[in-house]
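Accompanying notes for the structure given below.
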There are 2 protein chains.
Amino acid sequence: MRTELDSDRDYSQQIARTIRDAILDGQLPADGRLPSESDLAAQFNVSRPTVREALKRLAAQNLIRTQRGASGGAFVNRLGFDEAQEHLVTTATLLLSMNRVDFETACESRFALERACLPLACARRAPAHLAALRAEIARQGTEGLSDEDFCASDVAFHRALVDAAANPVLSWHLAGAVEAMQPLMNMITFTARSRARIITLHQTLADAVAAQDAQAASTAMDALAAYTLELGGQIRARRARPAREGTSAG
Amino acid sequence: MRTELDSDRDYSQQIARTIRDAILDGQLPADGRLPSESDLAAQFNVSRPTVREALKRLAAQNLIRTQRGASGGAFVNRLGFDEAQEHLVTTATLLLSMNRVDFETACESRFALERACLPLACARRAPAHLAALRAEIARQGTEGLSDEDFCASDVAFHRALVDAAANPVLSWHLAGAVEAMQPLMNMITFTARSRARIITLHQTLADAVAAQDAQAASTAMDALAAYTLELGGQIRARRARPAREGTSAG
DNA sequence: GACCGATAATTGTCTGACAATTGAAAACGA
DNA sequence: TCGTTTTCAATTGTCAGACAATTATCGGTC
């Protein structure tokens, strides 16, 4: 079988698109094996390095995985939530950093989405979720915790909160939104006072979810959003001053 | 400069990760030019084809673009919202299709996220947004509109609704959620009665946003979500019967 | 029957080369 | 001197053939 390609175009890109579409259409089932590189090269009438470049494109999108050895080859990946999440986070992080999205916008988006999960989380939270929430709150109160670890625990708290909604698609979306904000959140240096306040808000939030009180949870979330914005505004103000002193316009 | 790589590992993958991280860290600015393939090959102490495979991985993620000719090379892409959205939709579509996510879960996720936009949309909606909403509603009432076009208009309506929140990050997330559901929505055959009901609900929603009544908008959204779920349940029931007749258990 | 080595298939990588493209410098003419 | 054309050099895209690394499978041996 010879598959025709447009000449004067990027072969490897065309091949990658062809195979990708075949996967999306379901012509190649998950865990199915693609023809060997040599066979593909013969089919598309190109050299093996060109086929390999196409396969690497697909591998970068987590669409296939490759395995060496006899009975090796390229296999269609069953895209799991974990890999998809990694992808989402990468894209979201890049989007935020390369488009100079301001802290306020990213923050607003993140908390708006998270607030959407609260009613479901209140309705469905299981003991395991509540335990996870409490565990992270306890960790956040640890003496001598670095800012980085505090942020990580914060992320874990919010992910547990979202997971309580028991909707994997929702969790996927939110995980992307929350994790993509990590670089922005890491700029904040958490003083003892701000930590205490955040922990209190987390506690209120956890209590509301435990009590299945969506209204109270939403209120607590609003307060947390407002306080996060306030902290963000502080660092921005602190950054604006040295910049004006240190650099000359031009 | 020689950059060390782990041996007994996939070189092209390591190189891709290294460059990707450099881009994410901002060491390589947007529209900045990477060293030539030969230079990169020398730096990483590998051959040019290996470097090329790494670059193709990055190109597949829209992180770089390549250009031939003198003063050509690989350039860091400024990842715009459009490209990022395309990426998000691809990933989300694949996620839904490959993990057999049921209609209820996807639907719940989508409407929960969309509901989160309503307060902001009510607060900030501009005349242009309202006009877009009304235009789509008018289109949905067109005689002889195909199911596909009706779906497309539905997507456009909801995107306009989200855009009214005037938060690009939020719009990005929602566009992914809404568009990824298209394949599932396209299964529904919209009868005249169901169309009329949906249009009424859209009208209620648009009116509430126009009146900046977030409470009413949320109620309308709930009704729309419930009705969409009902329609989805109908097609599932309709599908279950022929399946039982046509296939033998095996 | 269990264990072990040869074998074949397949991906990963290297070397060297040529084609295609494109910007820039050099040559040329007015 | 200015503008046009030609040439050139840098860079990516592709090819061909080869070898190394890995791994399942098939035989052989104990």
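Residue numbers begin at 1 in each chain, while the letters A, B, ... track the order of the sequences.
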For atom [atom1] of [X] and atom [atom2] of [N], their distance in whole Å:
X       : N      : atom1 : atom2 : answer
B:Leu55 : C:dT13 : CG    : P     : 14 Å
A:Phe44 : D:dG13 : CZ    : C1'   : 17 Å
A:Glu53 : C:dT13 : CD    : P     : 13 Å
B:Leu34 : D:dT11 : CG    : P     : 13 Å
B:Arg52 : C:dG12 : CZ    : C1'   : 16 Å
B:Gln13 : C:dT11 : CD    : C1'   : 14 Å
B:Glu37 : C:dC18 : CD    : C1'   : 15 Å
B:Phe75 : D:dT11 : CZ    : C1'   : 10 Å

Proximity to DNA chain C (any heavy atom under 4.0 Å), residues of residues 60-69 of chain A only: A:Thr66, A:Gln67, A:Arg68, A:Gly69
Pair B:Glu104 + B:Arg110: basic N to acidic O under 4.0 Å: no
B:Lys56/B:Glu53 ion pair, N-O < 4.0 Å: no
Heavy-atom side-chain contact between B:Asn77 and B:Ile64 under 4.5 Å: no
Residue A:Arg65 excluded, over 12 heavy atoms near CZ under 6.0 Å: yes
Atom CZ of A:Arg124: over 12 foreign heavy atoms under 6.0 Å: yes
Please pick, from [options], the nucleotide with the shortest atom-to-atom distance to any side-chain atom of [X].
X       : options                : answer
B:Ser47 : C:dG12, D:dT14, C:dC14 : C:dC14
A:Ser12 : C:dC14, C:dG23, D:dT14 : D:dT14
B:Ala70 : D:dA9, D:dT12, D:dA18  : D:dA9
B:Ser71 : D:dC15, C:dG23, C:dG12 : C:dG23

Side chain A:Asp154, main chain A:Phe150, donor-acceptor under 3.5 Å: no
Side-chain donor/acceptor contact of A:Arg48 with base of C:dG12 under 3.5 Å: yes
Any A:Arg33 side-chain N or O less than 4.0 Å from OP1/OP2 of C:dT10: yes
Short side-chain N/O contact from A:Thr50 to OP1 or OP2 of D:dC15, under 4.0 Å: yes
Mind listing the side-chain donor-acceptor pairs of residues 81-91 of chain B below 3.5 Å, one per line with the distance, residues two or more places apart or on another chain?
| residue | atom | partner | partner atom | Å |
| --- | --- | --- | --- | --- |
| B:Glu83 | OE1 | B:Gly80 | N | 2.8 |
| B:Thr90 | OG1 | B:Glu86 | O | 3.0 |
| B:Thr91 | OG1 | B:His87 | O | 3.0 |

